[in-house]
Structure formats: structure tokens, C-alpha cells
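Step one of this worksheet: look at the structure below.
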4 protein chains.
Amino acid sequence: MEIVKTVEEETIINMDDNVSDKEKKILIAAIRIMSEKGFRASRTSEIAKEAGVSEGTLFRYYPKKKDLLLALLPPLILSFFQPIITEMFSKSNAPKSSTLKYELKHFFSTRLSLLDDNKGLLKIIILESIYYPELQKSIQKLMTETVFPSLEQMIMEQIEKKHIKKMSVTTVSRILMSQLLGYFILSSYFPDQYPRDDDKEINEMVDIILNGIKR
Amino acid sequence: MEIVKTVEEETIINMDDNVSDKEKKILIAAIRIMSEKGFRASRTSEIAKEAGVSEGTLFRYYPKKKDLLLALLPPLILSFFQPIITEMFSKSNAPKSSTLKYELKHFFSTRLSLLDDNKGLLKIIILESIYYPELQKSIQKLMTETVFPSLEQMIMEQIEKKHIKKMSVTTVSRILMSQLLGYFILSSYFPDQYPRDDDKEINEMVDIILNGIKR
Amino acid sequence: MEIVKTVEEETIINMDDNVSDKEKKILIAAIRIMSEKGFRASRTSEIAKEAGVSEGTLFRYYPKKKDLLLALLPPLILSFFQPIITEMFSKSNAPKSSTLKYELKHFFSTRLSLLDDNKGLLKIIILESIYYPELQKSIQKLMTETVFPSLEQMIMEQIEKKHIKKMSVTTVSRILMSQLLGYFILSSYFPDQYPRDDDKEINEMVDIILNGIKR
Amino acid sequence: MEIVKTVEEETIINMDDNVSDKEKKILIAAIRIMSEKGFRASRTSEIAKEAGVSEGTLFRYYPKKKDLLLALLPPLILSFFQPIITEMFSKSNAPKSSTLKYELKHFFSTRLSLLDDNKGLLKIIILESIYYPELQKSIQKLMTETVFPSLEQMIMEQIEKKHIKKMSVTTVSRILMSQLLGYFILSSYFPDQYPRDDDKEINEMVDIILNGIKR
DNA sequence: AATGAATGAGTCTTCATTCAT
DNA sequence: CATGAATGAAGACTCATTCAT
């Protein structure tokens, strides 16, 4: 299990090259403020100050506050979804001998890293998408094009290899996604009840998914 | 598996008796508007209109807009958390012969019903709790006092009965909670990818949790 | 010098007989609240509560908040101005031998008593009259009909008796009124700088008015 | 006795240099509206309009309406209290031969000018200070540090010079302050009864204070 | 291009006043 | 007559957005 980058800025710096320095600063500030307070509670004035630019400049780049929210989508794609796509293709040249257990652990740990790296960004986009249908559609589209296929491909391969019982791919996909989501959300929201301990918990999670809890 | 009531109003009507009719109307309107638009985007004027009262009346009952949000907690407790407590106690007189499979299916279906019944209420409270620490603490406290103990008790009993492998209660609890949450959230957010079909999916979910996916 | 009544309520109880008990309670409450907070900052709800009646009842007696202010004028007349008129007439049967010094001391002490007794009432009416021309005219009329004549009559008598130099009655009137007002206001507003000690200060005041400060 | 400037704006223009033009306009408007209607009855919208700025701009400079009231204190200090301090020091090099009569006339006429010049400003601040303890304390402090010492110094010097009888400085101070206040207030409130005629009245006032009214 | 002062539409909130009970 | 819940007009204040410099 690899060490997780915790400096979000590094991630976002990987933004498209046609994004000016000032724009980057603004977006980083936006993520920081908005993920802390939520979109509506974030003040353009505060974001501008945090970014070290004037409010006028902020509105030069993003004429509407909402644009600032939508502008976070490309960085999210770049830093969250792109790696998944990349992996989908790179995986094909990966050792075929990888066991199911290894595959699952790899899946959880890499996805968890991505979630951690993009915590703030994801928080805003996902929470706001609940009220912005356009944003929600974008997320749905992205997931449908990246995460789900990558996941289903893995499952299908494992079914083909007869490592997994013959069962609905969707069901397995749902089980895995639920565990990933659940682990991430529950340990964030109820850290006392569900403390986070990735190595240990991923191991147990995978074990149960593979063998069940029944004695 | 029983049919789920979808009329949220019916649920909320079960509120404490010392809540006047007008107050109920206001709370129902608040839930409707706020769960659709979020707390900050909801206008007190719109809530008042939806409730069929003047804005003055609204502020007579809830002097601050925020009070309207906090006022939703008691109804949530009454209609979401109370049933869980009730069940915790009634369960003791339940047939001891209930199998593990039945227990799990019962757990998922009853909790799912509660989630469905309190969709709007839960949506506002949980989403807003992300930015209101006081609200978040309330939710944490409630879960710690109701849902978690109920769940852990069931798991411990099953471990004692040797139906479940000897393993961490927390881990099993997390697995079950993740599946419940995951099923609910994923089918809400990605209905195309993960269509909802409670009977069938709960069955498969329980089967996998019991026996794993490994062939 | 007599002891000053400090219980304002007693004074107001002397209101016209065609004023019902409830009305009295309301007026007393109005004086208390308004003299503490000022007219605009006083809430009809608070006055009603203080009076022990419902807001509906308050508005039955005084349909507009402003009516409550204007309703304070009759009590003020009764308890502040009436005594002055009464004295004007009763004085005629007073001992003719009264010295100038005694007259002045009597003037200051009786007027001061009246000011003290009607502190709250006067405070509201005078302060509000500054912004309500109609109220101001009432006060001007009342002073012109009671206080000023009473004062000028005394001065003229003393001039006739050749106890006072031949000088403008208005000027002497102004001097005396200024001293009365000044003593009252300054010791209220700057109690540290000008502590109140009626017997001593009235004595010195009268002495200076009579003989001047020049050595 | 010099002619009094009646254009309040000129006075206020003397404000601190770090007060922008727009701020000055707002303060002047605030004085005009508030001294006419009182603090609570003044509408921020009206003040903004009178100042020729938007309401947003008004709140940019003074985030709370109350700040607008408190902001009037510095100008008051500058234009009312500062001159008194200045005079206190400049006076020491004044001709020692100045007679008591001249001193008193000078005192009344200069103080009266200051009162006239700052009529509006003083009216608001003093009337509002009656209900705002913090404001009242400011005024008390200012008076204690400027007006009272200046006055008492003069009195003590005159006592030392044996121009004034040996008597309590406070008493004389009170007499003079009362006359000043009384003259100002009475001729404002009862212009018919006490018409204003500064030269003549100051002369008579001083004469009586010096020699008394006794024949 | 960048700034930040200025704007004003839009919100929450208050409170005198009304009115059904 | 009394009550107090209900009203809604009006006011303080916020903040995204504009624009002169």
C-alpha cells in the first residue's frame, strides 16, 4: 500500500497548461474555502483574498460565482478521473498472474488514495451536484465512462478466470463501490465509531468480500 | 418485505403533540423546500408561502432561519431514530430461531424503509450537518446511541450463536452499514447504473455478505 | 425642605377618575419602559406584558403606539403642572412677610420635588417632544400658562417690594429657570462632577443669585 | 462678540484627513437626518440618498447603523472639544489684566459659538447618549477632560486674584454651566418666552452672576 | 490587465396593528 | 371585552457583480 499524497495543491497544480498562474491560485483558494464552508456560504471576497487577487480579477476569470464551481470540474477530471482511465489501459500490461485478492486490495487502495487526494474537490462537487443537476449529470457521465467500466472490466475478467462465482456484474460492482464509499464516508463522519486504519481494514474488507462472514 | 410508505407528510404528522398545526405545516414546507434547494438557497418567504402562512408567522415560531433547521431534528428523531430504539427492545421477544440470513434481510429492509420514509428530512439534516458542527454532533450522538448499538448487539448475538466467524464486531458493523448506505446512495445518485430492486438486491447482498464472492 | 416622594406610581395614580384601572396599569408600564428605552425602542409587546394585559387590550385603549405617548400628557399635567397652578392661587394667602431668600428657596425646592416626582414622565415627554412638534407645542403652551406666569408673578412682586433690582423680568426668569434646569440636568448627567445635595446647593445657589459671586 | 458660523458643513469638513470624501458626505447626511428625526427614526436608505451614495456604500463604511452614530463622536471632538483644549493652553499667554467680567463674557460667547456651530452634532450625540451608556460615558469623559478643567481653572485663577468670593469651585462651575446650558436650551425650546439676543443677554447674565439680583 | 470602490437587488427579521375566537 | 395568533409592510444588512481608474 503506497503512501498517500496529502498536499492537495500538488494535485491541482497538474491542471491543464492553458490555465494561468492566477487562475490556479483562484481555484485552489476556491477549493479551500468552498470545501470548508460550502458553495453558498463561501464569499467571493474571501476567495479572492485567499487567492491573493482582487475581487475584480476573480470576476474577470469567472464572471459568475457559479462558474467558479463549474471550473472545478476539469481539475477534478484531471486529478481524479484521469488516473483511473490511465490505469485501465496500463493494467492490461500488468502481470496476468495477479490474484483476485491482490486485485481487490489494489482497487481499494488506489481508489482510496484518489479519494484522499481529492477530498476537498470531491466534497464540493459532489455535495453541490446534489442541487445542481448539470453538475450531477457531469459526475454521472464521468463515473459511467471511467470508474464503472474499469471496475466492471476487472470483475468480468475475474469471472472469466472463474475466480468469482457466476453472478451479476452489477451486483458485485455495487458491493465493491459500497464498501469503498462506506469505508471513506463512515470513517470521515464517525471517526470514533469507525476509526481509519487502511492496511488492516482493507485486508479484512477484502477477506469478507471474498469469503463472507458466515462460519 | 413490506411496502414502503412514500408520503413523507404522514410520517411527520407523528410529531410531538405539543406542536401546533401551523407549526407542522411550516416544518413540512421547510423539509420540502430545503431538501430540494438546500438550507441556504431556501428562502424564508418561499417556505412561508408553501406552508400557507405569512412570513411573520414563520418567524413567530422560529425566530431565526437556523432555528427552522434545528427544529427538524426532533421530527427526525421521532420518525427515524425512535423506531430503531423501539425495535431494539421489541426484538428481545422475537423468535430466537431467526436465522442469520433472516436477521440480515430484516435489518436491511427495515432500515431501508426508514431511510426511504425520511429521505427529505435526512437529506437536509445530513447535508447541512457537514457544515454545522452542532448538527453533526447531534447526528453522531444519535447514531452512537441507537443505530450502532442495535447493529452491534445483533452481530454479537450472532457471533455468540457461532453463526458468524469470530471477527471484529466493528468490522462487520462497518461492512453492513457500508452496504446499506451504499445501496441507498448509489441507487439514488446513479439510478441507471444501479437500478433499485430491493427484494432482489437485498437477497444478493446478504448472500455475498454471508458467503463471499469467491468461487 | 421637605422629603421628596420617590414612588412615581403614587403620583400617577392621581390620574383623572375616568381612567380605568387597566388604563392606569398600561400608562404606568409605558412610563417605565419608555423612560428607560425611549419611545421608539420601546415595544408595545413589552409594555403590554409589563402592564399585565394582552397586546390586544393595549391597542383597544390606544389604537396607535403614538397615542400611548400622547396619553401621557394628561397625567403629566395632573401631577406636574396642576400643583404649580394650585400653588399660584394658594400662595396669595401665604404670609406676605416671606423674604426673597425664602421665596427663592421655596421655588427651587418645590419645583425640584415636582421634577423628581415626574422624572420618568418628563423624560419621555420632553425628549420625544423634540421630534414631535405637536407634543412640543403642548409643552410650550403648558409652560406658558403655568410655570412662566407663576414665576414671573413672583419676580414682579419682589420687584414691586423693591427686593430685587429694577431689571427685566424675563432675564430674572431665565436666570432662575436656568439654575433649576441646570441643577437638575447636570447632577443627573454628571453625578461625579456635580453631586446632588439639595439643601446645601439650593442655599448656595440662592445666595449667589441674590448677591453675586464678586468679592 | 463675533458672528457665529451657521453652516455646519464647514465645521465638519475639518475632519481628520484620513476620512474620504464619500465618508464626509455620509456623515454630514447622517447628522442632518439624525438630528432632525433622531437615530432610530432615521432610515439608512434616507441617509444614503441624502449623501448621494448607495445604501451599499453606506454599509461599506459603517457596517452597522450604530457605527454611524458612533462615528459622529470624532468629528464632535474635533470641532467642539478640541477648540476648548486649544483655548485652555493659548489662554495662559493671554493678557493677565483681563477682568473677571471680560473673562465671563468671553467664556459664554465662545462656548455659545461652539454650541451653535455643533448644534446638530451635539443634539444627536447627547440625546442618544441618554439611551446608549457607552456614548454617555464618552461624553462624560470628554467633559471631564476638557470643559470642566478649563472652567475650573478660570474660576480658581479668579479666586486667587481675589476677584471672586471664597467659595466652592464646583458651585461656581455649576452656576456658570447652568446659565450657559439654560440660555441655550431655553431659547431653543421656548423662543417666544426667551428670545435670543446674545450680546444683551450675556451682558445681563454676567452682571447678575457678578452682583446678584438683590437690591 | 488589475484593482477595489460602488452598486442595488434580494434577504432575513422586526413589530405595530388587526381580527377571529 | 379580552386575548394572542397572525399579518405584512418596512428596515437593516449582505454580497455577487460592475466599472471607473
Side-chain angles (χ1 to χ4, degrees), chain A residues 20-23 26 39-49 51-69, chain B residues 20-23 25-26 39-49 51-68, chain C residues 20 22-23 26 39-49 51-69, chain D residues 20-23 25-26 39-49 51-69:
Chain A
S20 80
D21 249 26
K22 241 166 207 167
E23 237 167 317
I26 291 172
F39 177 70
R40 289 198 99 96
S42 299
R43 306 290 152 230
T44 52
S45 57
E46 198 183 356
I47 294 171
K49 197 202 266 178
V53 302
S54 73
E55 233 176 319
T57 302
L58 188 151
F59 276 91
R60 158 162 289 281
Y61 287 105
Y62 306 101
K64 303 276 157 192
K65 191 188 174 190
K66 204 179 173 180
D67 296 336
L68 206 45
L69 182 62
Chain B
S20 80
D21 248 28
K22 242 164 206 164
E23 232 168 321
K25 274 195 211 160
I26 291 172
F39 175 70
R40 289 195 104 97
S42 300
R43 304 293 151 223
T44 53
S45 57
E46 196 183 356
I47 294 171
K49 197 198 271 179
V53 301
S54 72
E55 225 172 331
T57 300
L58 188 153
F59 278 93
R60 183 171 220 305
Y61 288 103
Y62 305 100
K64 304 276 157 191
K65 191 186 172 191
K66 203 182 172 181
D67 295 337
L68 205 45
Chain C
S20 80
K22 241 166 208 168
E23 238 168 313
I26 292 172
F39 176 70
R40 288 199 101 97
S42 299
R43 305 293 153 228
T44 53
S45 57
E46 198 184 356
I47 293 171
K49 196 201 269 179
V53 302
S54 73
E55 233 178 320
T57 301
L58 188 150
F59 275 91
R60 158 162 288 282
Y61 288 104
Y62 306 100
K64 303 276 157 190
K65 191 186 174 190
K66 204 180 174 181
D67 296 337
L68 206 46
L69 182 63
Chain D
S20 79
D21 248 28
K22 242 164 204 165
E23 231 168 323
K25 275 194 209 159
I26 292 172
F39 176 69
R40 290 194 103 97
S42 300
R43 304 296 151 220
T44 53
S45 55
E46 196 183 356
I47 294 171
K49 196 197 272 179
V53 302
S54 73
E55 222 172 333
T57 300
L58 188 152
F59 279 95
R60 182 170 221 307
Y61 287 103
Y62 305 100
K64 304 277 156 190
K65 192 186 172 191
K66 203 182 173 180
D67 295 337
L68 204 46
L69 180 62

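Here is how names work: the chains are called A, B, and so on, in the same order as the sequence lines, proteins then strands, and each is numbered from 1.
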Taken to the nearest whole Å, CD/Glu55(C) to C1'/dT17(E) is 8 Å

Interatomic distance, Leu68(A) CG vs dT17(F) P [rounded to whole Å]: 10 Å

List the residues meeting salt bridge (charged side-chain N to carboxylate O under 4.0 Å, His left out) with Glu46(A), not counting sequence neighbours, and say none if there are none. Lys37(A)

By the 4.0 Å heavy-atom rule, please label Arg43(B) as base, sugar-phosphate, or nothing. sugar-phosphate

Quick check: on DNA chain F, is the nucleotide nearest Arg40(D) upstream (toward 5') of the one nearest Arg40(A), or the reverse? Name the residue that is more 5'. Arg40(D)

Would you give the length of the straight line joining atom OH of Tyr62(C) to atom CD1 of Ile47(C), rounded to the nearest 0.5 angstrom? 11.0 Å

Please list, chain by chain and in numerical order, all residues satisfying side chain to side chain donor-acceptor pair (under 3.5 Å) with Lys64(D), sequence neighbours excluded. none

Who are the side chain to side chain contact (heavy atoms under 4.5 Å, CB included) partners of Phe59(A), not counting sequence neighbours? Thr44(A), Glu55(A)

Bracket string, DNA chain F, 5' to 3' - pairs by Watson-Crick or G-U geometry under 3.5 Å, | interstrand: .||||||||||||||||||||

On the nucleotide dT3(F), are OP1 or OP2 found under 4.0 Å from the side-chain N or O atoms that Thr57(C) carries? yes

Give Tyr61(B) one of three labels, base, sugar-phosphate or nothing, depending on what nucleic acid heavy atoms sit under 4.0 Å from its own. sugar-phosphate

Between dA2(F) (C1') and Glu23(C) (CD): distance, integer Å: 15 Å

The salt bridge (charged side-chain N to carboxylate O under 4.0 Å, His left out) partners of Lys66(A) (sequence neighbours excluded) come to Glu134(A)

Does Ser54(D) put a side-chain nitrogen or oxygen below 4.0 Å from OP1 or OP2 of dT7(E)? yes

d(CZ, Phe39(B); P, dT11(E)) in whole Å: 14 Å

Please enumerate all residues that pass side chain to side chain donor-acceptor pair (under 3.5 Å) together with Tyr61(A), with sequence neighbours excluded. none

Any side-chain N or O of Lys49(C) below 4.0 angstrom from OP1/OP2 of dT3(F)? no

Hey, which sits more toward the 5' end of DNA chain E by its nearest nucleotide, Ala41(C) or Gly52(D)? Gly52(D)

Output all residues satisfying side chain to side chain donor-acceptor pair (under 3.5 Å) with Thr57(A), sequence neighbours left out; order by chain, then residue number. Ser54(A)

Distance, rounded to the nearest Å, where Leu69(A) contributes CG and dA16(F) contributes C1': 15 Å

Phosphate contact (dA16(F) OP1 or OP2) by Thr44(A) side-chain N/O below 4.0 Å: yes

Closest-nucleotide mapping onto DNA chain F: is Lys66(D) or Leu58(C) further toward the 5' terminus? I mean the 5' end. Leu58(C)

Where the side chain of Arg60(B) is defined as all heavy atoms beyond and including C-beta, which of dT18(E), dG4(F), dT14(E) is the nearest nucleotide? dG4(F)

Measuring from the side chain of Lys65(D) (C-beta onward, heavy atoms only), which nucleotide among dT14(E), dG4(E), dC13(F) has the closest atom? dC13(F)

Minimum heavy-atom distance between Arg43(B) and Arg40(B), given as atom pair plus value: NH1-O, 3.2 Å

Nearest whole Å is fine: how far is dC15(F) C1' from Glu46(A) CD? 13 Å

Minimum heavy-atom separation for Leu58(A) and Ile26(A), please, with both atom names. CA-CD1, 4.0 Å

Regarding Lys22(C), tell me which of base, sugar-phosphate or nothing describes its non-hydrogen contacts under 4.0 Å with the strands shown. sugar-phosphate

Between OH of Tyr62(D) and C1' of dT14(F) the distance, given in whole Å, is 19 Å

Measure from the side-chain N and O atoms of Lys65(A) to the backbone N and O of Phe39(A), and report whether any donor-acceptor pair falls under 3.5 Å. yes

Identify the pairs formed between an N or O of the protein and an N or O of nucleotides 19-21 of chain F at a distance under 3.5 Å, and give each distance.
none

Between Val53(D) and Ser45(C), who's closer to the 5' end of DNA chain E by nearest nucleotide? Val53(D)

Gap between atoms NZ and P, on Lys64(D) and dG11(F) respectively (whole Å): 18 Å

Report the residues that fulfil side chain to side chain donor-acceptor pair (under 3.5 Å) with Ser42(A), sequence neighbours left out, ordered by chain and then residue number. none

